[in-house]
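Note sheet for the following structure.
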Number of protein chains: 2
Amino acid sequence: MTPTFAHGSLRLYLLSLLAERPRHGYELIQALSERFGGTYSPSAGTIYPRLAKLEEEGLVTKTAGERKTVYEITDAGRAELAARADDLRDIESEVTDSVRRLADEVRTGVTEAMKSLRADLASAARHAAPDMSKPHQDTRPHGDSNRSLREADMVLNEFRQQLRADLRTQAYRAQLPDATVPELRRQLDEVRASILASLRP
Amino acid sequence: MTPTFAHGSLRLYLLSLLAERPRHGYELIQALSERFGGTYSPSAGTIYPRLAKLEEEGLVTKTAGERKTVYEITDAGRAELAARADDLRDIESEVTDSVRRLADEVRTGVTEAMKSLRADLASAARHAAPDMSKPHQDTRPHGDSNRSLREADMVLNEFRQQLRADLRTQAYRAQLPDATVPELRRQLDEVRASILASLRP
DNA sequence: TCACTGAACGCGATATATCGCGAAGGAGAA
DNA sequence: TTCTCCTTCGCGATATATCGCGTTCAGTGA
C-alpha cells in the first residue's frame, strides 16, 4: 500500500501541528484526520513512534500526565520548521490538493446519484401509482418494513452508481490499482457481515 | 445498539475461555472474534474492565508481563463456572445458533448472487460478443482498466443483490430495525471514502 | 556512477487501559 | 405490586505504546 505521507513528511507535518499549539498524541491523530476530511486517519502506530523520535531529537518535549501525554514544540523544533518551510509548504499543498480532488469526485458522484435517483423515483411512480395525491392505503398490517426495504434499495443503488462513476472517473485519468477490486470486495463483505450481524435476533 | 452479550453473559463466557487455558486480553478478543466467525469483535473497552472486575472478585489472577498480561482462572472461578453451568450452556448455544444462522444467510446469498451473476454474464455475452471463442482484440492501448472496471461492477452488483436478498429474508421474518438503513448508509459512505482515498495519487 | 546495504520511515497489527453513555437489573419504598 | 433509584454491564470512543513488514533513502564501496 502506498503510504499517504512520503518519507519524512509526517515528521514535518506533526511538527507544524505542534507549532500551532501543544497537543497530545490522540489529538494529533484527530487533527490529521480532520485535515484530510476523514479520509485518512493515521494509526497510533504511526504517530507515537514519530513523536518519540522527535523528542529524542530534542524538537519536542513530552509531559506525561495521568492519562494524557502533552507534546510541546521546542525552539530547536521551531528552527527545524523554519529551515524546512519550503518542504512544509509542498506537503500542505499536497494535502489540500488531495482533499479538493476528493471533494470534487464526491460532488460529481452525488450529482449523478441524484439524477439516477430521480430517474428511479420517476420510474417507480410510473409503474406503481397512477395517482400519488391520495396515498395508497395498504390493507395488510406489515408496519413500515416495505419503506425500510425501499430505502435500503435506494441507498444500495445510490452507492453503486456513485462508486461506478468514481471508478470510471479515476480509470479515465490513470490505471486502477490492482488492489482496488479485491479491497472493494473485502470491504463490502465486511459491511454485509456487519449489517447481517446487527439483524441477528 | 443492542449488545451482543446480555447482562452478565460476557463475564461468564470470558471465564469459560480462561478455563480452557490462561490467556492475555488481546488473545481473548481474538478468541471471541473467531468463535463468532469474525462477525463480532469485542473492543478492548469491553474486555479489560470485565477482566479487572473478575480479578477484583477473585475469579481470575492477573500476571503482568513486559508487554502481555496473562489472566488465569482460580478455583473460585472454576466453582462459579460449575455453579452456573446451565447459564453457560444457554450462552454457548445462542452463540453457535447465531453463527449458524449467519452462515445460512451467507450461503443463500452467495447462491443467489451466483445465479444472478451467471444471468448477467449470459446477458452481457448475448449483447456484446456473438463469438467468444476468439478473444476480441482491442486496438486502443488502455491496459486492463476495463477489466478492473468490469470486475468492480460485478462486485458491486453481487453485493447489492446479496444484501437485497438478505434484507428481504429478514424483513419476511421480522420488522427491520430502524437503525439498519442509516447504518448501511454510514458504512457504505465509509467504504466509498476508503476506496476513493486508496485511489489518491 | 551506480549498485548495495543498513538505517529510517509509514503503517497495520498487537497490546493495554480508562471514560462515559445508554440499557438492564436489582433493591427498596410506596 | 409497581415504581424509583442505584448499580452493574456492554461497548464505542479515548488514550498510549510496541512490533514487524515492506519501502525509501542516504551513505559507501566497487
Side-chain angles (χ1 to χ4, degrees), chain A residues 1-15 23-34 36 38 40-57 59 62-71 87 91 94-95 179 183 186-187 194 197-198, chain B residues 1-15 23-34 36 38 40-57 62-71 87 91 94-95 177 179 183 186-187 190 194 197-198 200:
Chain A
M1 184 70 86
T2 308
T4 303
F5 278 100
H7 222 77
S9 295
L10 177 62
R11 179 176 169 275
L12 210 55
Y13 202 83
L14 282 179
L15 219 47
R23 288 174 154 106
H24 59 266
Y26 193 77
E27 219 175 334
L28 288 164
I29 291 174
Q30 288 176 126
L32 271 160
S33 176
E34 195 198 312
F36 276 87
Y40 167 70
S41 279
S43 73
T46 300
I47 298 303
Y48 291 103
R50 215 47 34 216
L51 287 173
K53 206 65 201 288
L54 285 170
E55 197 213 355
E56 201 183 283
E57 293 178 89
L59 305 183
K62 181 164 82 166
T63 312
E66 185 63 28
R67 198 164 135 71
K68 299 183 187 188
T69 305
V70 175
Y71 292 85
D87 291 344
I91 294 167
E94 259 173 59
V95 168
E183 177 59 17
R186 192 189 62 76
Q187 291 199 25
S194 155
S198 78
Chain B
M1 186 71 87
T2 308
T4 303
F5 279 99
H7 220 78
S9 294
L10 178 61
R11 178 177 171 275
L12 209 56
Y13 202 83
L14 283 179
L15 218 47
R23 289 175 155 105
H24 59 266
Y26 193 76
E27 217 175 336
L28 287 164
I29 292 175
Q30 289 176 126
L32 270 159
S33 175
E34 195 198 312
F36 276 89
Y40 166 70
S41 278
S43 74
T46 300
I47 299 302
Y48 291 103
R50 215 44 36 214
L51 288 173
K53 206 66 201 287
L54 284 171
E55 197 213 355
E56 201 183 282
E57 294 177 88
K62 180 164 81 165
T63 311
E66 185 64 28
R67 197 165 136 71
K68 300 183 185 188
T69 305
V70 175
Y71 291 85
D87 291 343
I91 294 167
E94 260 174 58
V95 168
E183 178 59 17
R186 193 189 63 73
Q187 291 199 23
E190 262 179 35
S194 156
S198 79
R200 185 180 49 245

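Proteins get letters first, then strands, A, B, ... in listed order; numbering begins at 1 in each. All values reported here derive from a predicted model rather than from experimental measurement.
If you check every strand for non-hydrogen atoms under 4.0 Å, B:G45 touches a base. The residue B:A52 sits apart from the nucleic acid: no heavy atom pair falls under 4.0 Å. Residue-level contact check: B:Y26 touches the bases, meaning some heavy atom is under 4.0 Å from a base atom. Contacts of B:S9 with the nucleic acid, taken as non-hydrogen atoms under 4.0 Å apart, involve only primed sugar atoms and P, OP1 or OP2. In this structure, B:Y71 reaches the sugar-phosphate backbone alone: every heavy-atom distance under 4.0 Å involves primed, P, OP1 or OP2 atoms, never a base. Within 4.0 Å of B:Y48, counting heavy atoms only, lies at least one base atom of the nucleic acid. As judged by a 4.0 angstrom heavy-atom cut-off over every strand, B:P49 is placed among the base-contacting residues.
Pairs passing the side chain to side chain donor-acceptor pair (under 3.5 Å) check and including a residue from residues 47-57 of chain B, sequence neighbours excluded, read B:R11-B:E57. Residue pairs satisfying the salt bridge (Lys or Arg N to Asp or Glu O under 4.0 Å) criterion with at least one member in residues 23-34 of chain A, sequence neighbours excluded, are listed as follows: A:E20-A:R23, A:R21-A:E27.
Residues passing the side-chain hydrogen bond (donor to acceptor under 3.5 Å, both in side chains) test with B:S9, sequence neighbours excluded: none. A:R67 is linked by a salt bridge (charged side-chain N to carboxylate O under 4.0 Å, His left out) to nothing, counting only residues two or more places apart in sequence or in another chain. Every residue two or more places apart in sequence or in another chain that forms a side-chain hydrogen bond (donor to acceptor under 3.5 Å, both in side chains) with B:S194 is listed here: A:Q187.
Annotation: side chain of B:L32 is in contact with side chain of B:I47 (closest heavy-atom distance under 4.5 Å). Contact of the A:L10 side chain with the A:I91 side chain is not registered, since no non-hydrogen atoms from C-beta on lie closer than 4.5 Å.
For C:dG10, the OP1/OP2 oxygens have no side-chain nitrogen or oxygen of A:S43 closer than 4.0 Å.
As rounded to whole Å, 16 Å separates atom C1' of C:dG10 from atom CG of A:L28. A:E56 has its CD atom 14 Å from the C1' atom of C:dC9, to the nearest Å. As a whole-Å value, the separation of A:L14 CG from C:dA8 P is 18 Å.
Each of B:K62 and B:H7 lies near DNA chain C, and the nucleotide nearest B:K62 is the one positioned closer to the 5' end. For B:I47 and A:P3, each mapped to the nucleotide of DNA chain D holding its nearest heavy atom, the one lying further toward the 5' end belongs to B:I47.
With C:dC9, C:dC11, C:dA24 as the choices, the nucleotide that has an atom nearest any side-chain atom of A:K53 turns out to be C:dC9.
For DNA chain D, the span of nucleotides reached by chain A at under 4.0 Å from its heavy atoms goes, 5' to 3', from D:dT14 to D:dC25.
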